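Here the structure is laid out as structure tokens; the discussion comes afterwards.
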Amino acid sequence: MAALRFLPRLLPVSRTRLVRSHSASASGSVPERIAEKRRAALLGGGQARIDSQHKRGKLTARERILLLLDPDSFVEYDMFVEHRCADFGMESDQNKYPGDSVVTGQGRINGRLAYVFSQIMDQAVMVGAPVIGLNDSGGARIQEGVESLAGYADIFLRNVLCSGVVPQISLIMGPCAGGAVYSPALTDFTFMVKDTSYLFITGPDVVKSVTNEDVTQEQLGGAKTHTAVSGVAHRAFENDVDALLNLREFFNYLPLSNRDPAPVRKCHDPSNRLVPELDTVVPMESTKAYDMVDIVHSIVDEREFFEIMPSYARNMIVGFARMNGRTVGILGNQPKVASGCLDINSSVKGARFVRFCDAFNIPLITFVDVPGFLPGTAQEYGGIIRHGAKLLFAFAEATVPKITIITRKAYGGAYDVMSSKHLRGDVNYAWPTAEVAVMGAKGAVQIIFRGKETDAEAEYVNKFANPFPAAVRGFVDDIIEPSTTRVRICRDLEVLASKMQSNPWKKHANIPL
Amino acid sequence: MCDVSCWMSNVSSIIAGTRVECLLLLTFEKLLIANRGEIACRVSYNFQVIKTCKKMGIKTVAIHSDVDSSAVHVKMADEAVCVGPAPTSKSYLNMDAIMEAIKKTRAQAVHPGYGFLSENKEFARRLASEGVTFVGPDTHAIQAMGDKIESKLLAKNAKVNTIPGFDGVVKDADEAVRIAREIGYPVMIKASAGGGGKGMRIAWNDEETREGFRFSSQEAASSFGDDRLLIEKFIDNPRHMKSRFVLADKHDNALRNQKVVEEAPSTFLDPETRRAMGEQAVALAKAVKYSSAGTVEFLVDTKKNFYFLEMNTRLQVEHPITECITGLDLVQEMIRVAKGYPLRHKQADIPINGWAVECRVYAEDPYKSFGLPSIGRLSRYQEPLHVSNVRVDSGIQEGSDISIYYDPMISKLITYGSDRAEALQRMEEALDNYVIRGVTHNIALLREVIIHPRFVQGDVSTKFLPDVYPDGFKGHKLTDLEKRELLAIATSLYMAEQLRSQQFLGSPRISLAKLDLNNWELSIQLGDGTYSVTVSNNGSTFSVEVDGMKLNVTSEWNLASPLLSVTIDGTQRTIQCLSRDAAGNISIQFLGTVYKLRILTKLAAELSKYMPEKAVEDTTSILRSPMPGAVVAVSVKPGDLVSEGQEICVIEAMKMQNSMIAAKTGKVKAVHCKAGETVGEGDLLIELE
């Protein structure tokens, strides 16, 4: 653990010096010194810094932890750690803070164990409990030089080694710049606080001097940028309090580690509930859009759906929900956005989500209404082939229970990709409105007959624009009434709970990154 | 028909006959229902959920537009024919297509329901020429009564009291102003072909007359294809419209004059007035040789003078209340009469038993002008049929779409009791137990109206809403006790959820830590107030201390159920939790009104004060569509100067034209819509600088 002294700081430590009345005294008996250090540690950077943090609309690290964890459950570690930097005046006691600007420890969220921040990653892995980082840091302590870089790398390594063992969540609650950004990037989920958090490799000043671009912090690396444009962050919340309360809720969906099954919370929503609403949800015209999120809401327990990346690649929806109390990962094409096609961003979004669920034993439920991959130079030049392959790869290698519902279109290669029977889907259903085909009738007839006048379109529709061709071949297990979808999924999940499947031994697979 | 006097009574308006006998009667083999929604279902389905037509041995044919192809009325019918695209002019008013459907299905009779073609003489004529029976009066009566101008003259001749005014066609806005001045303000401008409040406006001055003339004629043209208008004296503060009891007009701005609550019998009429009205109604019916179900509407002023308003030559929207207190099945009677069976019951034979109240449940937002239409999918829908003596006439079900094309009525909710108090009490219960999700609805307004002291005393007029809510409807105003109850319920719900979040099934590898849920301190925001509460849990009961008062709240705490029955210190309440989120926001429908609360632990509430205030959008410089609809006209372009209150565009929704005005004086920055476009609620239309 010694190597992990230098960490991104939870508290933003400004470079100005503050005179602290409570600075640790070198004299006195050991018990007195312990008590003194503890008192000082609880105040972090001192009352003035607590106030300044509040003024910026932010909470202190300790306040954040209190909100995140169950009352009286926090057990703090490493309160006595201080930095050992001796340059540029950093050796002064005035620049040393017990705990060295980081608050770490473990506690409970709704009774379940969680580790907060990163020193304890080794223990988190040993015990098998998630790690939550609350990041609010100015970056490396420049005065520490290479030692701080080594500190980062130590964390990165631990992030990587933890990956797939325990869930890792980063909540960015202030600036997080430079090398520090790679820790959240390596974790499973990165959440941000709107207007008060930023993530960037280099700040606006450096950007200006290098590329002459004028850009604000917010534009460069604010919550909006990362949740809607870059896809770096998975979701953003209004403020610190909202973010922490949501994190508690999110935590409840996750298993503690890869050794645990998906959690099953007590459920009040009957598993045999019929959903008549679904019988009319898919519009008559196959070109008309509808909202896949409506379908998800009405099927899952109590309409609770924790959507991941709701503002990014919106043609694909992913998120967590529960079925009869058990956590499931939901994926779906979103016909409302770009007809629900697969493109580069949506494929990557879906792939990463599938791999998280597979790593942590969370069953996958996939709702398919996909007209195909998005054509065009932008997509081809951007590498849709290799990016689309990620989603294909992720679904194919996943060994968790996989249930697929084709609500309408399942065309071409995109049909194969979307957790099809051919990729070891456990149960694949089609609604009566399903159309499993190589492509839409119009396009197909144009290609087959090369523009010749023909009435073959009707024939094509009759032959392929329905669930039968797939059903007779066993590519879908059943054609079901939409209103019974919840009942069927709940029943299947019960059966599949004991599913055991393994892939051939390998060091690791080589997903097309 | 044998006995006209039976038809046109003042209270029960209609017919006689007993259901049992009808089972044996030979009627039509197949009947086409030229309507949609609740009334189409009603014709094939009666209120005891036995198909009226089916029990009479009649097969039914539904017609529908393409967007209605999976509507309930289509599913209920034996056959269904698509008669065109969504706009009513191309489907439900499309006579050619409907005649075609009749031929194709070989229907022998047509029931028109109300609205659409129910009072269209041309339709009745075409049916007659094809030898198809129209379940309703003959062409002559429809024509005479369907035209406001003609019916008024006819009524005058039959010595029926009529409203003073100009009984001719008004040519243009200038003439309208001239006539209005002659009559004296206020005046009522009415579409001659109108009905259902459409194409009807009240004007108090010249300017309003011009505007009213323009809107009414446009609306009349689009709704009825006939823009003729008449003008008459507006009877201010009428106590009561119709021979049946009428509560209030729906909009203070006189966009529509539609009723939301009705009841039978009337609380206002004394037997003498009722008899006098009945006599005049019968005189009028005889004058047009009437032979089917119909209603004569009268307007009664404060001095109990009554004036003929119009005669509806069709089944009334509110016929269920008549059915409830008379025990008749009016649709069945109409069909019998149409087939030529005589009436055997005289007015005196028709009993009036008990009291019935009908509320029209609409998909509309009562907080905006007492009801701006709203659209959406009914993501959850549950009628309060588990409450006794409740009848719900609806044409929708869970998953149905309330679209911009048709009337946004969700259902007619009828309760029945041995007396008025009982019927109203049931109505409260029924409204509390009605689950509607996915569209905004007017339950809050309905529930407020029926418990309002003025309504309870029977003191109502068509100006009830603007009188009682001069600043617009704001929802139920909680008493101190009710507020404490709400806070206690919300607290308990929050705690139930907190408890449930820790209940994991199976045996976890790392043992769970249990929370001590006693004496939790919470902070609740409700409206402008913040309240501190302390709560402890004991099984299914939560003890909540609010303002030094302890309340015990008991329930099953089923967090998935849309309805939650809770008992607070012995008082039973049915509440609905509409939403709750991780950040402590919770919406609860309590006493009909939805309250938004935020519940935080004491710690979270204390820390919340450090959270930054987020800037709120300045709404005066932008105009957003208040409802989904179509843009009819945009009267400004970027760069134009507009003054506050100036009309800048017109949105049509549910056939009603709504004038959108500038909220401030300024220059137009951008126009985001153009005429003919469809817009959704909240869509940005016009920006000012």
Side-chain angles (χ1 to χ4, degrees), chain A residues 53-59 63 66-67 70-73 108 110-113 127-129 194-196 237-242 244-250 252 256-257 259-261 263-270 273 275-281 284 294 297-298 301-303 306 325 483, chain B residues 66-67 69-72 377-381 397-401 437-438 496-506 508-516 520 556-562 577 579-585 600-615:
Chain A
Q53 185 80 347
H54 286 164
K55 251 185 224 127
R56 278 177 282 180
K58 301 198 289 187
L59 301 178
E63 287 167 345
L66 284 178
L67 259 189
D70 294 346
D72 305 322
S73 72
R108 300 283 176 153
N110 286 315
R112 300 197 309 153
L113 185 64
V127 173
K194 287 180 193 168
D195 305 322
T196 48
F237 302 102
E238 280 310 310
N239 56 45
D240 280 16
V241 172
D242 267 23
L244 292 160
L245 294 175
N246 272 287
L247 194 50
R248 281 178 65 84
E249 165 150 310
F250 175 66
N252 255 9
L256 296 184
S257 76
R259 285 181 267 166
D260 300 292
V264 183
R265 196 190 64 180
K266 190 177 175 190
C267 173
H268 293 165
D269 205 350
R273 172 169 62 84
V275 192
E277 186 204 350
L278 295 178
D279 287 334
T280 53
V281 74
M284 295 288 155
D294 284 350
H297 277 150
S298 61
D301 291 358
E302 294 173 36
R303 307 183 72 82
F306 193 97
S483 55
Chain B
D66 52 12
V67 294
S69 55
S70 56
V72 180
R377 278 188 89 237
L378 288 162
S379 55
R380 191 112 204 224
Y381 182 75
Q397 61 186 9
E398 192 167 304
S400 290
D401 260 317
R437 303 277 193 279
E497 164 103 66
Q498 291 293 315
L499 270 173
R500 205 265 304 260
S501 341
Q502 307 177 43
Q503 291 175 308
F504 290 93
L505 309 180
R509 192 171 42 78
I510 302 170
S511 65
L512 292 170
K514 276 273 169 276
L515 264 186
D516 177 15
W520 265 46
E556 283 179 21
W557 304 116
N558 182 325
L559 296 166
S561 167
C577 177
S579 69
R580 48 174 203 273
D581 69 16
N585 297 302
L600 293 170
T601 59
K602 202 175 155 199
L603 173 72
E606 273 165 17
L607 296 177
S608 280
K609 64 172 183 264
Y610 301 122
M611 295 300 101
E613 294 266 333
K614 305 266 163 141

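All of these numbers come straight from a predicted model, not from anything done at the bench.
- Contact count against chain A (heavy-atom pairs under 4.5 Å) is highest for B:E398 among B:R380, B:E398, B:Q498.
- A donor-acceptor contact shorter than 3.5 Å is absent between the side chain of A:R303 and the backbone of B:S579.
- Within a 6.0 Å sphere centred on NZ of B:K514, other residues, nucleotides and ligands contribute more than 12 heavy atoms.
- Atom CD of B:Q503 has more than 12 heavy atoms from other residues, nucleotides or ligands within 6.0 Å.
- For the pair A:E249 and B:D581, the minimum side-chain heavy-atom distance is 4.5 Å or more.
- A heavy-atom distance below 4.5 Å is not found between the side chains of B:Y610 and A:N239.
- Residues A:R112 and B:P508 form no side-chain contact, since every pair of their non-hydrogen atoms from C-beta on lies 4.5 Å or further apart.
- Remark: the backbone N or O of A:E238 is paired with a side-chain donor or acceptor of B:K614 at under 3.5 angstrom.
- Counting heavy atoms from C-beta outward, A:L59 and B:M611 have side chains that approach closer than 4.5 Å.
- The environment of B:D66 atom CG is dense: over 12 non-hydrogen atoms of other residues, nucleotides or ligands sit within 6.0 angstrom.
- Comment: A:E302 engages B:R500 in a salt bridge, judged by a side-chain N to carboxylate O separation of less than 4.0 angstrom.
- Most heavy-atom pairs under 4.5 Å with chain A: of the set B:A583, B:S501, B:P612, this distinction falls to B:S501.
- Within the 4.5 angstrom heavy-atom criterion, no atom of B:E606 approaches chain A.
- Annotation: maximal heavy-atom pairing with chain B below 4.5 Å, among A:S73, A:G57, A:C267, occurs at A:G57.
- Put simply, of B:S608, B:G584, B:A560, the one with the most heavy-atom pairs under 4.5 Å next to chain A is B:A560.
- A:H297 NE2 to B:S379 OG: the interatomic distance, rounded to the nearest 0.5 Å, is 10.0 Å.
- Between the side chain of A:T280 and the main chain of B:G399, a donor-acceptor pair closer than 3.5 Å is present.
- Counting only heavy atoms from C-beta outward, the side chains of A:L245 and B:L600 approach each other to under 4.5 Å.
- With a threshold of 4.5 angstrom between heavy atoms, B:S561 does not approach chain A through any atom at all.
- Side chain to side chain, A:S257 and B:R509 meet the donor-acceptor criterion of an N or O pair below 3.5 Å.
- At least one side-chain heavy atom of B:L607 sits under 4.5 Å from a side-chain heavy atom of A:L67.
- Put simply, of A:K194, A:K266, A:R265, the one with the most heavy-atom pairs under 4.5 Å next to chain B is A:R265.
- With chain B as the partner, the residue from A:D269, A:V127, A:N252, A:D240 showing the most heavy-atom pairs under 4.5 Å is A:N252.
- Each of A:P270, A:G325, A:G128 has some count of heavy-atom pairs under 4.5 Å with chain B, and the biggest count is that of A:G128.
- Looking at A:L113, only its side chain comes within 4.5 Å of chain B, counting heavy atoms on both sides.
- In terms of heavy-atom proximity, A:R108 sits nearest to B:A513 at NH1-N, 3.6 Å.
- In terms of heavy atoms, A:N246 sits closest to B:A582 at OD1-CB, 3.5 Å.
- Looking only at distances, a side-chain donor or acceptor of A:H268 sits under 3.5 Å from a matching main-chain atom of B:L559.
- No other option in B:K609, B:R580, B:R377 has as many heavy-atom pairs under 4.5 Å with chain A as B:R377.
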